[in-house]
Amino acid sequence: MNEDLLFDAPGPRARRRIRIATALSLVALAGLLYLAIRQFADHGQLAADQWRMFTSWPIINFLLGGIGQTLLVTAVAAAIAVPLGGLIALLRLSLNRPLRALARGYTELFRAVPLLLLLYVFLFALPRAGLTFPVFWQLVIPIVLGNAAVLAEIFRAGVLALDRGQSEAAYSLGMTYWQAMAWVVIPQAVRRLVPTLVSQLVRLLKDSTLGYVVSYLELLHKAQVLGEYYHSVLPSFLVAAACYVVINTALSGIANRLERRRRA
């Protein structure tokens with residue numbers, strides 16, 4: 001889409017104001033960054049002994065275990081949430097009114113309820129009702145419930161974006177609604193949505209950082225334990241943040257590569 005259709009191109013005076021505002025913002029951010037680094041240095045958080053432990057193999061192995069647990073939660077949650085989201089999207093597009101209402105109720109509910117609240121339900125409310133899950137599933141199931149609702153809307157939007165002629169052609173060949181969806185509509189929609197689905201994995205990965213609520217030792221929780229034990233909370237969290245940046249950057253790179261391949 002041509003951006004000129006969305007807003008008028010700025011004139012010389014507006015461009016000058018934009019450049020000045022950008023420069024002032026960068027100066028302000030640089031100043032805040034300097035003050036933060038100065039405070040950390042004054043409190044000894046940047047001292048070499050605070051970082052030396054990250055060169056020892058036991059510490060590295062401890063954090064690698066956290067990365068493995070984070071990726072495990074992400075992979076399992078994605079493996080369940082993606083097909084579940086696709087099923088809910090099909091129900092929302094179904095010709096059956098009760099099924100449409102049920103699917104819509106699910107998406108509206110779990111898109112509105114915060115993930116932290118779902119975790120508290122699985123941690124405190126369900127055990128009182130006699131339903132107790134292992135720690136791993138106390139984290140995975142709420143993530144699946146929330147992300148399946150988001151993925152359902154992504155799938156539904158992808159299906160609605162397709163030319164109606166695709167489904168009409170399938171009907172003309174004698175296919176039923178579900179056959180047309182399974183063999184014609186869904187495969188085309190998924191191919192278009194692959195970059196978006198990969199990007200959604202970034203949200204899944206970030207959702208796993210709430211593992212501390214259920215005492216699941218994913219990366220961020222292990223960094224917290226490490227920082228409290230060695231009295232180096234800031235370095236531990238910064239190292240964990242760097243790990244998240246690397247993983248999320250890799251996922252974003254995959255999404256961008258798939259998007260370029262689709263447009264080629």
Side-chain angles (χ1 to χ4, degrees), residues 62-94 98-159 186 189-190 193-194 196-225 240 243-244 247-248 250-252 254-255:
F62 183 74
L63 292 175
L64 287 176
I67 294 175
Q69 295 299 324
T70 295
L71 295 178
L72 178 62
V73 168
T74 303
V76 173
I80 300 173
V82 170
L84 179 59
L87 176 61
I88 296 169
L90 289 178
L91 293 179
R92 283 209 66 178
L93 296 168
S94 172
L99 290 180
R100 287 204 311 270
L102 182 64
R104 181 176 181 179
Y106 177 91
T107 56
E108 295 297 332
L109 173 63
F110 286 103
R111 286 173 63 195
V113 176
L115 177 58
L116 184 60
L117 180 58
L118 287 177
L119 286 168
Y120 283 138
V121 169
F122 276 78
L123 182 63
F124 298 115
L126 292 184
R128 292 186 177 181
L131 295 175
T132 303
F133 295 90
V135 171
F136 178 81
W137 292 107
Q138 285 181 344
L139 177 61
V140 169
I141 295 177
I143 292 176
V144 168
L145 293 175
N147 282 272
V150 176
L151 288 166
E153 289 300 286
I154 292 175
F155 280 120
R156 188 172 72 95
V159 170
I186 294 298
V190 169
L193 292 173
V194 165
T196 305
L197 296 176
V198 175
S199 298
Q200 185 64 20
L201 291 178
V202 175
R203 174 178 173 176
L204 275 168
L205 186 73
K206 290 188 292 186
D207 286 345
S208 70
T209 59
L210 292 174
Y212 74 91
V213 176
V214 295
S215 299
Y216 182 77
L217 284 174
E218 38 73 42
L219 175 59
L220 187 61
H221 194 188
K222 283 200 170 187
Q224 178 183 0
V225 171
C243 293
Y244 282 113
I247 297 172
N248 289 335
L251 290 175
S252 299
I254 294 173

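Just so it is clear, the values below take in all heavy atoms, side chains as well, and ignore hydrogens, waters and symmetry mates.
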Donor-acceptor pairs are to be reported for all side-chain atoms of residues 73-83 against protein atoms at under 3.5 Å, with residues two or more places apart or in another chain.
from: Thr74; atom 1: OG1; to: Thr70; atom 2: O; distance (Å): 2.9

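- With contacts defined as side-chain heavy-atom distances shorter than 4.5 Å, the pair Leu71/Leu205 qualifies.
- Of all the heavy atoms in Ala152 and Ala89, the pair that sits closest is O-CB, 3.3 Å.
- Residue pairs meeting the salt bridge (charged side-chain N to carboxylate O under 4.0 Å, His left out) criterion with at least one partner in residues 200-211, sequence neighbours excluded, are Arg203-Asp207.
- Between Leu91 and Leu102, every side-chain heavy-atom pair lies at or beyond the 4.5 Å cut-off.
- Pairs of residues two or more places apart, or lying in two chains, never qualify as salt bridge (charged side-chain N to carboxylate O under 4.0 Å, His left out) while including a residue from residues 70-90.
- In terms of heavy atoms, Gly146 sits closest to Leu118 at N-CD1, 4.5 Å.
- Residues passing the side-chain contact (heavy atoms from CB on, under 4.5 Å) test with Ser199 are Ala255, sequence neighbours excluded.
- Atom CD1 of Ile247 is separated from atom CG of Leu201 by 12.0 Å, given to the nearest 0.5 angstrom.
- One distance of note links NE2 of His221 with CD of Gln69; it measures 12.5 Å at 0.5 Å rounding.
- For residues 128-153, the set of pairs meeting the salt bridge (charged side-chain N to carboxylate O under 4.0 Å, His left out) definition, not counting sequence neighbours, comprises Arg92-Glu153, Arg111-Glu153, Glu153-Arg156.
- A distance of 9.5 Å separates CZ in Arg100 from CG in Leu93, rounded to the nearest 0.5 Å.
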| Passes side chain to side chain contact (heavy atoms under 4.5 Å, CB included), Tyr106 versus Leu84? Steps please. | CA-CA 12 Å; Tyr106 177 91; Leu84 179 59; 4.2 Å; yes
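- The CG atom of Leu219 sits 10.0 Å away from the CZ atom of Phe62 when rounded to the nearest 0.5 Å.
- Taking every heavy atom of both residues into account, Glu218 and Tyr244 meet most closely at OE1-OH, 3.2 Å.
- Here the CG atom belonging to Asn248 is positioned 6.5 Å from the OG atom belonging to Ser252, to the nearest 0.5 angstrom.
- Residue pairs satisfying the ring-ring contact (aromatic ring centres under 6.0 Å, His included) criterion with at least one member in residues 132-157, sequence neighbours excluded, are listed as follows: Phe122-Phe133, Phe136-Tyr216.
- Summarising the geometry, atom CG belonging to Leu72 is positioned 13.5 Å from atom CD1 belonging to Ile67; distances are rounded to the nearest 0.5 Å.
- Residues Val113 and Leu145 form no side-chain contact, since every pair of their non-hydrogen atoms from C-beta on lies 4.5 Å or further apart.
- Between Leu123 and Val213 the shortest heavy-atom distance is CD2-O, 3.3 Å.
- In terms of heavy atoms, Ile154 sits closest to Leu193 at O-CD1, 3.5 Å.
- Between Leu139 and Ser208, the shortest heavy-atom contact is CD2-O, 4.1 Å.
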